[in-house]
Number of protein chains: 2
Amino acid sequence: MPRVPVTTSRREQILTEAARLFARHGFHGVSIDGIGAAVGVSGPALYRHFPSKEGLLAEMLVGISEHLLAGGQERAAEHTDPVDLLDALIAFHTDFALRQPELITVQDRDLANLPDDARRRVRGLQRAYVEIWVGALVRAGLAGSDEAARVAAHAAFGLMNSTPRSTTHTGADVAAGILTTMTRAALHAHPV
Amino acid sequence: MPRVPVTTSRREQILTEAARLFARHGFHGVSIDGIGAAVGVSGPALYRHFPSKEGLLAEMLVGISEHLLAGGQERAAEHTDPVDLLDALIAFHTDFALRQPELITVQDRDLANLPDDARRRVRGLQRAYVEIWVGALVRAGLAGSDEAARVAAHAAFGLMNSTPRSTTHTGADVAAGILTTMTRAALHAHPV
DNA sequence: AGGCGACGTGAACGGTCGCTAACGTGAATG
DNA sequence: CATTCACGTTAGCGACCGTTCACGTCGCCT
């Protein structure tokens, strides 16, 4: 039988398709056979690449969290002015949310389905990412306390992550402009 | 055996506990036996009150959508000025999101697990609710097109619905103020 | 008193799911 | 050329899950 040349690695192919399926049906709503079928192999072949279904989810969510944190740290290193940093963070996060809506969806929907150690790891990475935002907000004088800044940061994430609910019908660049403007205004309006 | 006096109706008790469990573990992550155990009965007793597990979810989501739409229509009837209407809508939605975080979570996470007809019904109700916001935004001159207004409305929902992610550590009234202010600013900042 | 309906139980069913086992194969390695 | 290894296959296992069934038990109505 002719072997189909695999352009991207099988692992990444599986991760991509699994993300799409998890986003649409939820972790427990997708079967191993379903994921296999989506990449053209069948069922148990996945166990050549991942130790378990939960392990697959873990790699997906850890990857997302690491990517976000790395991007945040990069921006933090580039900008000393907190307002500039906030703008860079907004641009970075908005871009990610618009480019990878499935990952965004899975990240905050299926975190509870992770095994304990992986969940702790993801939560730690997420917390570090949030703290970058919190620090910028406080230093910019846009939040009266760390607590308030945390609420504001989560609110900003919710705003930018609304992408999966509305992007279906709208151009990505148009949405990017709207979300960026709204997020910036929301954060700057927050009273001290 | 002594019969335990049931204060609220069994149906509502089941709906409440099921919402909590669905919010935490997802629809497919909760078993019929688990829901039963949460209300003190076991497993199949639920079928005395609901036709199926999907039927239970359907009643939950339809109830939420109807409540939101009714509240939106009520505000729309009370306010002729679109900016006043927006403020009333923000107050209404924020209050709901803060008071019922589990329902908010289930609503936009498990819609995909509804049977087709119920899903269509919920989507229709949601769309009608969104259209109230869209109409107010356009009439207020805060959106250049219906499309832009829809993106803005979904973004506002994402902001206000961020509650379940951050309220755990913050007082509800404090969070309400922050979310209200941020949402108002976000919507008013959106350029024409 | 008697029957009925609401509500609950435990047992059992068919189906699906995650995962393992046993096996096959083609390409690189020595 | 023989071996190994990466990567797939199908068959089957144990567990769980949604649902149904047969049955029991109250409280209420006539």
Identify which nucleotide among [options] has an atom closest to any side-chain atom of [X], counting heavy atoms from C-beta outward.
X: A:R10; options: D:dG8, C:dC19, D:dT20; answer: D:dG8
X: B:Y47; options: D:dT19, C:dT20, C:dT9; answer: D:dT19
X: B:S31; options: C:dG8, D:dG18, C:dC19; answer: D:dG18
X: B:V41; options: C:dT9, D:dT9, D:dT20; answer: C:dT9

Tell me: [atom1] of [X] to [atom2] of [N], nearest whole Å?
X: A:H25; N: C:dT16; atom1: NE2; atom2: C1'; answer: 16 Å
X: B:H28; N: D:dG18; atom1: NE2; atom2: C1'; answer: 12 Å
X: A:R11; N: D:dC7; atom1: CZ; atom2: P; answer: 10 Å
X: B:D33; N: D:dA15; atom1: CG; atom2: C1'; answer: 13 Å
X: A:L21; N: C:dG18; atom1: CG; atom2: P; answer: 12 Å
X: B:L57; N: D:dC17; atom1: CG; atom2: P; answer: 17 Å
X: A:F50; N: D:dA6; atom1: CZ; atom2: P; answer: 16 Å
X: B:H49; N: C:dA6; atom1: NE2; atom2: P; answer: 11 Å

Consider only side-chain heavy atoms of I, L, V, M, F, W and Y, link residues closer than 4.5 Å, and tell whether A:I104 and A:L111 are in one cluster.
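Hydrophobic grouping puts A:I104 with A:L111.
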Distance-only, no hydrogens or angles: does the B:K53 side chain make a donor-acceptor pair with backbone N or O of B:S31 under 3.5 Å?
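Here the side-chain-to-backbone pair does not exist.
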Would you check if the side chain of A:R10 reaches a backbone N or O of A:H49 as a donor-acceptor pair within less than 3.5 Å?
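The answer is no, because no donor-acceptor pair under 3.5 Å joins these two groups.
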Quick one: label A:V30 by what it contacts on the DNA or RNA (base, sugar-phosphate, nothing), any heavy atom closer than 4.0 Å.
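Sugar-phosphate, backbone atoms only, no base.
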Please determine, by modelled atom types, if B:D110 and B:H28 share a side-chain donor-acceptor pair under 3.5 angstrom.
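Judged by distance alone, the side chains do not pair up.
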Between B:H93 and B:Y129: side-chain donor-acceptor atoms closer than 3.5 Å
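The criterion, which ignores hydrogens and geometry beyond distance, is satisfied for B:Y129 and B:H93.
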Tell me which of A:I32 and A:R48 sits closer to the 5' end of DNA chain C, going by the nucleotide each one is nearest to.
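Checking each residue's closest nucleotide, the 5'-ward one belongs to A:I32.
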